[in-house]
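What follows is one structure encoded as structure tokens, with my remarks underneath.
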Amino acid sequence: MNAIETSDLSKLYAPGVGLDRLNLQVAAGEIFGFIGPNGAGKTTAIRTLMGFLRPSGGSGRVLGHDVWQERVKVHARVGYLPGEVHLPDQHTARELMQRSCTLRGGASIAYGLEVARRLDLRLDARLRTLSKGNRQKVGLTLALMHRPELLVLDEPTDGLDPLVQETVLELLREAGSEGRAVFLSSHVLSEIEQVAGRVGIIRRGELIRVEGVQALKASLPQQVTLQFARTPVVNLAALQGMSAGVTEGLAFRGWWRGSPDRLIQALASESLTSLSLTPSTLEAAFLDEYRNKPVQGTVEHVA
Ligand SMILES: Nc1ncnc2c1ncn2[C@@H]1O[C@H](COP(=O)(O)OP(=O)(O)OP(=O)(O)O)[C@@H](O)[C@H]1O
């Protein structure tokens, strides 16, 4: 059974605003990253999957339960972190954790305490006295502490310092290696790249691309930087696979799409003092998808 399965799941506020016909499967144990710019529909998708918003069309199942009809079961089984964490201010993190264990019939608090320690969370401070980042840590601890089969996390590292962000990613990787699924949204692509196996890109409410992180990266051009010892004979900018080539004296910069072999063969008779090929990041994929492509159809491909 898939952890998440949707068929044309929609929550539209207006045409192109909200979530438009989401078709997605996230397997058990998979870490799936959901990326898109502000207002793309990430939070709407997550809140619809969690049964906090009533779908305007289509259907969805989370851990086998209908996202709307069986939302209470979904809430009981999923570790959820909302985009904005609202907590009862008069309590402490420890009190909320203990209450959560009681509600689960005396579940163990041990892993919750470990998560809190690793996140460097002050367990006995009144929540009203905590900073935004520390409140985020409380939300994360509550989401993770029962080792749920599925974590649904809206921007989990938002507002955290880099060290804590790294710990969060580590905790998510551990959840994945224990066979638990993670669905996380972010616009920080570098972090999605570090944990997710697959990525979905959402734009104006539509999921426009779903791809393995490695495949997505492999489909991207690499930045080429060359320094020649003498003026080259080959016209590099005209090579098939090269784009945006610029020559400045004995230096050349451009974008290469293809195997390094073919580039090196083309340079065989040249005299080089340096050569570098830098793979694109997911950031580059994202910018490509957003800036260079017109909206058309439901699925687009970069390559
Ligand atoms: N209750 C609402 N009524 C009308 N429009 C809404 C409502 N909630 C969200 N929207 C609109 O739906 C679109 C998607 O919003 P959503 O919050 O899902 O985006 P997001 O991808 O999570 O953005 P961000 O990265 O800024 O959090 C936006 O244009 C937003 O203005």
Side-chain angles (χ1 to χ4, degrees), residues 4 6-24 26 31-60 62 67-68 71 74-75 78-87 132-133 135-140 143 150-160 162 165 168-169 172 182-196 198-211 213 216 281-291 293-295 298-300:
I4 296 175
T6 70
S7 169
D8 284 342
L9 185 67
S10 304
K11 176 66 191 180
L12 281 174
Y13 299 110
V17 180
L19 180 68
D20 194 359
R21 290 164 293 159
L22 177 71
N23 289 293
L24 181 68
V26 175
I31 302 186
F32 189 93
F34 200 47
I35 57 178
N38 292 131
K42 302 180 295 296
T43 297
T44 304
I46 285 178
R47 289 177 57 77
T48 309
L49 284 172
M50 288 301 300
F52 294 118
L53 294 173
R54 185 177 195 149
S56 56
S59 61
V62 166
V67 293
W68 181 250
R71 56 191 182 278
V74 172
H75 297 168
V78 173
Y80 169 59
L81 177 78
E84 281 182 22
V85 180
H86 296 286
L87 299 164
K132 181 174 181 284
R135 296 165 74 86
Q136 178 85 351
K137 292 181 192 175
V138 179
L140 274 162
L150 172 63
L151 287 157
V152 174
L153 311 171
D154 196 349
E155 309 255 2
T157 58
D158 193 31
L160 300 178
Q165 285 183 3
V168 172
L169 298 182
L172 299 186
V182 182
F183 183 90
L184 80 157
S185 76
S186 178
H187 33 236
V188 185
L189 306 173
S190 53
E191 74 182 23
I192 291 248
E193 194 175 326
Q194 288 177 55
V195 292
R198 282 193 310 152
V199 172
I201 299 178
I202 183 169
R203 176 171 65 167
R204 294 178 208 160
E206 285 186 36
L207 184 67
I208 54 172
R209 190 170 177 184
V210 177
E211 186 109 60
V213 170
L216 187 62
T281 59
L282 204 50
E283 186 85 38
F286 185 74
L287 295 178
D288 192 14
E289 199 85 35
Y290 277 100
R291 296 210 174 132
K293 300 268 168 158
V295 187
T298 53
V299 178
E300 293 173 4

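Just so you know, ligand 1 is whichever comes first in the structure, and atom 1 is the first atom listed for that ligand. None of these values were measured; they are calculated from a predicted model.
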Is the shortest heavy-atom distance from the side chain of M50 to the side chain of V67 under 4.5 Å?
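A side-chain contact is absent here, since even the closest heavy-atom pair is not under 4.5 Å.
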
Quick check: F183 with Y80 (ring centres under 6.0 Å apart)?
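No, they do not, as the ring centres are separated by 6.0 Å or more.
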
Does the pair I4 and L49 meet the rule for a side chain to side chain contact (heavy atoms under 4.5 Å, CB included), with working shown?
CA-CA 8 Å; I4 296 175; L49 284 172; 3.9 Å; yes

Give the residue and atom name of whichever protein heavy atom lies nearest to [atom], and the separation in Å to one decimal.
atom	value
atom 2 (C) of ligand 1	Y13 CE2, 3.4 Å
atom 26 (O) of ligand 1	N38 ND2, 2.9 Å
atom 23 (O) of ligand 1	G39 N, 2.7 Å
atom 16 (P) of ligand 1	T44 OG1, 3.6 Å
atom 19 (O) of ligand 1	G41 N, 3.2 Å
atom 25 (O) of ligand 1	K42 NZ, 2.8 Å

Selection from T43, V17, L53 by shortest heavy-atom distance to atom 11 (C) of ligand 1
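Residue with the shortest heavy-atom distance to the ligand atom: V17.
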
If you measure from each heavy atom of G18 to ligand 1, is any distance below 4.0 Å?
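G18 counts as a contact of ligand 1 under the 4.0 Å cut-off.
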
Any protein heavy atom < 4.0 Å from atom 31 (O) of ligand 1:
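No, there is none.
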
Does the N or O separation between A40 and ligand 1 drop below 3.5 Å for any pair?
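By distance alone, the answer is yes.
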
Donor-acceptor pair, distance only, cut-off 3.5 Å: does the side chain of K42 make one with the backbone of P37?
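At least one qualifying donor-acceptor pair exists.
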
Main chain of L19, side chain of T44: is a donor-acceptor contact present, judged purely on distance under 3.5 Å?
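Looks like no, no N/O pair under 3.5 Å.
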
Check T43, D154, D158 against S185 for a side-chain hydrogen bond (donor to acceptor under 3.5 Å, both in side chains) and give me the one that passes.
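It is D154; the other options fail the test.
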
Verify the distance criterion only: is there a donor paired with an acceptor across the side chains of T157 and E191 at less than 3.5 Å?
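Result is yes, a qualifying pair exists.
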
From the options D8, L12, T6, select the one residue that forms a side-chain contact (heavy atoms from CB on, under 4.5 Å) with R21.
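Filter result, single survivor: D8.
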
Output the list of atoms in ligand 1 that are nearer than 4.0 Å to some heavy atom of P37, sorted by atom number.
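Listed by number with element: 21 (O).
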
